[in-house]
There are 4 protein chains.
Amino acid sequence: MSEQNLDEVIYNQEGLTEKQKKILEAAIETFAEKGFAATSTSEIAKKAGVAEGTIFRHYKTKKELLMKIVSPMMFKLIGPIVIKDLYKVLDQEFDDFEEFLRAMIDNREQFLKNNIKTIRILIQEIPFQEELREQFIEHIGKKVYGRFRRIVQHYQEKEEIIVMNPDTVIRLIISTVLGYFATKYVISPREWNDEEEIERMLGFLKRGLTPIKK
Amino acid sequence: MSEQNLDEVIYNQEGLTEKQKKILEAAIETFAEKGFAATSTSEIAKKAGVAEGTIFRHYKTKKELLMKIVSPMMFKLIGPIVIKDLYKVLDQEFDDFEEFLRAMIDNREQFLKNNIKTIRILIQEIPFQEELREQFIEHIGKKVYGRFRRIVQHYQEKEEIIVMNPDTVIRLIISTVLGYFATKYVISPREWNDEEEIERMLGFLKRGLTPIKK
Amino acid sequence: MSEQNLDEVIYNQEGLTEKQKKILEAAIETFAEKGFAATSTSEIAKKAGVAEGTIFRHYKTKKELLMKIVSPMMFKLIGPIVIKDLYKVLDQEFDDFEEFLRAMIDNREQFLKNNIKTIRILIQEIPFQEELREQFIEHIGKKVYGRFRRIVQHYQEKEEIIVMNPDTVIRLIISTVLGYFATKYVISPREWNDEEEIERMLGFLKRGLTPIKK
Amino acid sequence: MSEQNLDEVIYNQEGLTEKQKKILEAAIETFAEKGFAATSTSEIAKKAGVAEGTIFRHYKTKKELLMKIVSPMMFKLIGPIVIKDLYKVLDQEFDDFEEFLRAMIDNREQFLKNNIKTIRILIQEIPFQEELREQFIEHIGKKVYGRFRRIVQHYQEKEEIIVMNPDTVIRLIISTVLGYFATKYVISPREWNDEEEIERMLGFLKRGLTPIKK
DNA sequence: AATGAATGAGAGTTCATTCAT
DNA sequence: GATGAATGAACTCTCATTCAT
């Protein structure tokens, strides 16, 4: 598949011993469930089936363990959009804005489903880890934002979407899409017709962003 | 103003000693800054200028202290919408949907500005505190949602907004508004023309939710 | 009745306020149940229905409270034997040794039943409270023992009991009687015919202490 | 000697680190001296020359430490009587009841001397530790009592001791013997001729339990 | 006399981390 | 590389006691 599971990225990478993988697995599990600060290293060791000392042989501190889990996420979180899809868009690979949105949503949803625990940890810890915030601004704030803005401008020029400050457009799109993901994966309502919801959301975005006719 | 500051609700309420108020103030400050689990009671005591034992004289456990801070938020968070504005809307106090949205956004923004730290703690801890999740479902999920749905249906009947599953309509509105708040208060971009942003958001919502003409 | 209830001695004595009585009552209850060291003053206060400070208004320390409860016991524990019964015996009020034992056992059993909790506290704390041990030696070791020895010698002279070191005789009697009380009140066996047990014990003591015929 | 020192049983057993032994030694010492509730873990740590955390690495709680010290006592306390001596008695290894008593007293006295501190802790804590009481009833109340009763019946059949409810006979013997031990080891009188005291006690028991001639 | 808020020392326990094996 | 015993600082919480009211 085109989208790789981040779990692999993190703990199936080469050079990791069996124990290291177990540690990462256990840490992700527990950090996601109880939070970083409320998780003890002895708990991770027990869950991973290794001695307490073994964790510190591979990761100097508990915080380094967190960072090794969460940091690569930053790059992957928005990676594909940035790198691959930008050129697809500019090369007219997508007929229109709606098709681009559809592809992007699908692509990110795969990623999200595969890495939900790690993403949860990332979101929880961003407010408290200076280092993560810096990385976030560096990667999302600069690289992604810049390229996303070019895509929006591309469709504005094609008169498919309204001429409005691209930052605002991006915000409106992201808010709407995150709201969809949050509802689906966090609230997870009992009645949920996914296809319908996607169509409604796309309709809403399309109408909301349609250029105003003179 | 009509909107009261929740800080008052929490720690200026009658029956609290001077020390208790100091404890609450210090706890809110520190929980917001470092997170609940990473905050020690000795730190709170020091910041509040009281003995550590004093905290436990008033709050049996550290968790009870958290709950006493965060729980009333639940009720206030969406209180006004539910109680006051529902009848304003149904009594035609608002001419149209846009005016209703404008009022709601303004009202909640005041509240948010006054209680930003406590809200931050609430959001951070909801994933880890079963009790909070239950209260959230009880208060937001049931009371608020039900009434918000009636408002949406009211405007749908007046043909001001599109006929679509009200739950989806609510989600789209809330996502958009939360995105606005998050950008303004969390990301807080250097360039930000608030009036323009509100107008753009309202325009977007209006267009996105306009009934489709036959 | 001739035998007074020690509870009265302790907390119905004149000059005690209602609150003081409640404190003593609660303290006896709790010390007996959980032990002195494992009982907190706040627990006593709660059970007595008084403020924590009130305890310390009447008793400078927690230990003083213990002493005020347990110390008078020392005097009462063996009081009657010493004072009254000694002269009864020497004045031939009791026809024989068996009748004396019978009277003593009955008398002490009444006392024990009325003051079981306080006695339990006394027994528990004697190993740890120097002061109690001193009092014990002073009152039991010297006064009681001396007089008890005279009684034994009295019956030895009357050739009712064996001529043997009186200390040993006393020890054998006390061991046997305490064994009876302990079985009855601590082990409390389901099947227990009290009259029979008393007769068996008295028969055993009589036979065991009968002078050896030449 | 045949009788092993329980201290060995407790803290010389294999698999214990040097530190663990020190901890047990220090705990026994201090619990015996000040009582369980009045002993702090920091005190034990200091006396044992280990860090406080080390105690909790080996014993989850302070109470578990108590139990690990005191629980094996239950089994050893009356062990030999039950297992070995029962058959010695029934196999006529002892000529008469007096010889049996003599052997039993000697055997238990060795044990008592070797484990006096631990036994003291056991006696002190039995009233407060439900778990200990249950074990006591299970081991002493059921196993020992049953076998002791058979020994008594054995000598009753041989017409060496009086025909009387065996439970009462056992109680009279145990009371007398415990009284001897208590006087010797707890009161420890200055003048004490041990051989004489044993002979007097055995004489007393023998006479007290002699069958009544018709 | 009685209160109960306040204290700070110290309780039992947990923790991330180290290090000899 | 892996272990797990050991650490001691820090944690949450309890305690006996004080004192202003």
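Quick note on labels: first sequence line is chain A, next is B, and so on, each numbered from 1. Quantities reported herein were computed from a predicted structural model and do not represent experimental measurements.
Between D:Q129 and D:K63 the shortest side-chain heavy-atom distance falls below 4.5 Å.
D:K34 meets the salt bridge (Lys or Arg N to Asp or Glu O under 4.0 Å) test with D:E43; sequence neighbours excluded. Applying the side-chain contact (heavy atoms from CB on, under 4.5 Å) test to C:K46 and every residue at least two apart in sequence or in another chain returns nothing. Judged as a salt bridge (Lys or Arg N to Asp or Glu O under 4.0 Å), and not counting sequence neighbours, D:K62 has no contacts. Judged as a side-chain contact (heavy atoms from CB on, under 4.5 Å), and not counting sequence neighbours, the contacts of B:E29 are B:K47, B:K117. Every residue two or more places apart in sequence or in another chain that forms a side-chain contact (heavy atoms from CB on, under 4.5 Å) with A:I123 is listed here: A:I119.
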Would you mind writing out the side-chain donor-acceptor pairs for residues 50-59 of chain C within the sub-3.5 Å range, not counting sequence neighbours?
| residue | atom | partner | partner atom | Å |
| --- | --- | --- | --- | --- |
| C:E52 | OE2 | B:R57 | NH2 | 3.1 |
| C:T54 | OG1 | C:A51 | O | 3.3 |
| C:H58 | ND1 | C:Q20 | NE2 | 3.3 |

Which atom pairs, donor and acceptor, lie under 3.5 Å between side-chain atoms of residues 130-137 of chain D and protein residues at least two apart or in another chain?
| residue | atom | partner | partner atom | Å |
| --- | --- | --- | --- | --- |
| D:E130 | OE1 | D:R133 | NH2 | 2.9 |
| D:R133 | NH1 | D:I126 | O | 3.3 |
| D:R133 | NH1 | D:P127 | O | 2.9 |
| D:Q135 | OE1 | D:S71 | OG | 2.6 |
| D:Q135 | NE2 | D:S71 | OG | 2.9 |

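Consecutive pairing runs in DNA chain E reach the stem threshold at E:2-21 with F:2-21, where a stem means at least three Watson-Crick or G-U wobble pairs with distances under 3.5 Å.
Once you apply a 4.0 Å limit to the heavy atoms of chain B, the touched nucleotides of DNA chain E run 5' to 3' over E:dA5 to E:dG8.
The stretch residues 54-65 of chain D touches DNA chain E through D:F56, D:T61, D:K62, each having a heavy atom under 4.0 angstrom from the strand. A heavy-atom distance below 4.0 Å to DNA chain E is reached by none of the residues of residues 32-49 of chain C.
Taking every heavy atom of both residues into account, C:I23 and C:L65 meet most closely at CG2-CD1, 4.2 Å. Closest of all the heavy-atom pairs between B:I44 and B:A26 is O-CB, 3.7 Å. Annotation for A:L16 and A:L24: closest pair CD1-CD1, 3.8 Å, computed over non-hydrogen atoms.
Computed from coordinates, the A:I23 CD1 to F:dG4 P distance equals 13 Å when rounded to whole Å.
Residue pairs meeting the ring-ring contact (aromatic ring centres under 6.0 Å, His included) criterion with at least one partner in residues 26-53 of chain B, sequence neighbours excluded, are B:F31-B:F36.
A salt bridge links A:K68 with A:E64: the closest approach of a Lys/Arg side-chain nitrogen to an acidic carboxylate oxygen falls below 4.0 angstrom.
Toward the 5′ end of DNA chain F lies the nearest nucleotide of A:V50, the other residue of the pair A:V50 and D:K19 mapping further downstream. Along DNA chain E, the nucleotide nearest C:E52 and the nucleotide nearest A:E52 are compared for position; the residue whose nucleotide lies closer to the 5' end is C:E52.
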